[in-house]
Amino acid sequence: QVRLVESGGGLVQPGGSLRLSCAASGSIVSIVTMAWYRQGPGKQRELVADITSGGTTTYADFVKGRFTISRDNAKNTVYLQMNSLKPEDTAVYYCKFVVIDRDFTVRTYWGQGTQVTVSS
């Protein structure tokens with residue numbers, strides 16, 4: 001069983017910044033990818049950013065130049081630095097890990113979600 005614990009969400013004014021963290025614990029042999037998704041009110045969950053254990057990154061167009069995804073493989077932790085936040089960034093943010101477990105099975109795990117609200 002792998003658990004993902006998120007932190008760092010909150011209320012911030014437009015133009016402000018937040019840093020989200022997500023740490024994994026449990027039976028992990030290796031991490032394939034780490035990602036952040038978000039789901040706004042009345043919307044489907046969408047990919048925000050993705051990073052491989054080797055550091056290759058991808059970003060959704062709506063966050064390029066504003067958000068940065070990074071990871072600490074030794075700590076099984078992924079981060080999302082969010083700058084120049086806009087009201088439309090308001091959503092519940094979820095981390096996702098794709099891992100190889102100790103049964104050598106590829107599995108996907110999700111964090112519990114953390115609320116980010118951008119409002120004046």
Cation-pi between R3 and Y109: NZ/CZ under 6.0 Å from ring centre and within 45° of the ring axis?
no

So, do W36 and F67 have ring centers that fall under 6.0 Å from each other?
no

Between R71 (side chain) and S53 (backbone), is there a donor-acceptor pair under 3.5 Å?
yes

With a 4.5 Å limit on heavy-atom distance, are the side chains of E46 and F62 in contact?
yes

Looking only at heavy atoms, which two atoms of L47 and A35 are closest? And how far apart?
CD1-CB, 4.1 Å

Y79 (side chain) donor-acceptor with D72 (main chain) under 3.5 angstrom:
no

Between the side chains of D89 and R66, is the shortest nitrogen-to-carboxylate-oxygen separation below 4.0 Å, so that they form an ion pair?
yes

Please report the closest heavy-atom contact between C22 and L4, naming both atoms and the distance.
SG-CB, 3.8 Å

Considering only heavy atoms from C-beta outward, does the side chain of T108 approach that of K96 to under 4.5 Å?
yes

Donor-acceptor pair, distance only, cut-off 3.5 Å: does the side chain of T77 make one with the backbone of K75?
yes

Evaluate the side-chain proximity of T114 to L20: yes if any heavy-atom separation is below 4.5 Å, no if none is.
yes

Do the side chains of I51 and T33 get nearer than 4.5 Å, heavy atoms only?
no

Rounded distance [0.5 Å steps], CZ in R102 versus OG in S30
11.5 Å

For a side chain to side chain contact (heavy atoms under 4.5 Å, CB included) check, start with the C-alpha distance between L80 and T68, then their side-chain angles and the critical distance, and finish with the verdict.
CA-CA 6 Å; L80 186 67; T68 303; over 6 Å; no

Minimum heavy-atom distance N73-M34, with the two atoms named
OD1-CE, 3.7 Å

Given side chain to side chain contact (heavy atoms under 4.5 Å, CB included), test V98 with I31 step by step and report yes or no.
CA-CA 6 Å; V98 179; I31 298 172; over 6 Å; no

Does the side chain of Y37 come within less than 4.5 Å of W110's, by heavy atoms?
yes

From T56 OG1 over to D50 CG, what is the distance, rounded to the nearest 0.5 angstrom?
9.5 Å

S27 side chain to Q1 main-chain N or O, any donor-acceptor pair under 3.5 Å?
no

Are the side chain of D101 and the backbone of D103 linked by a donor-acceptor contact shorter than 3.5 Å?
yes

With distance as the sole test, does Q112 use its side chain to make a donor-acceptor pair with the main-chain N or O of E6 at under 3.5 Å?
yes

Flag this pair as yes if the NZ/CZ of R45 is under 6.0 angstrom from the six-membered ring centre of Y94 and inside a 45 degree cone about the axis; otherwise no.
yes

Test side chain to side chain contact (heavy atoms under 4.5 Å, CB included) applied to N76 and I28, step by step:
CA-CA 9 Å; N76 290 338; I28 298 174; 4.3 Å; yes

For the residue pair S17 and N83, confirm or rule out a side-chain donor-acceptor distance under 3.5 Å.
yes

Could you go through Y93 and V48, starting from their C-alpha distance and side-chain angles, then the distance that decides it, and tell me whether this counts as side chain to side chain contact (heavy atoms under 4.5 Å, CB included)?
CA-CA 9 Å; Y93 284 71; V48 176; 4.2 Å; yes

Non-hydrogen side-chain atoms of V78 and I69 separated by less than 4.5 Å:
yes

With a 4.5 Å limit on heavy-atom distance, are the side chains of V106 and I100 in contact?
yes

To the closest 0.5 Å, what do you measure between SG (C95) and CZ (R38)?
16.0 Å

Between Q39 and V92 (side chain of the first, backbone of the second, donor and acceptor by atom type, cut-off under 3.5 Å), is there such a pair?
no

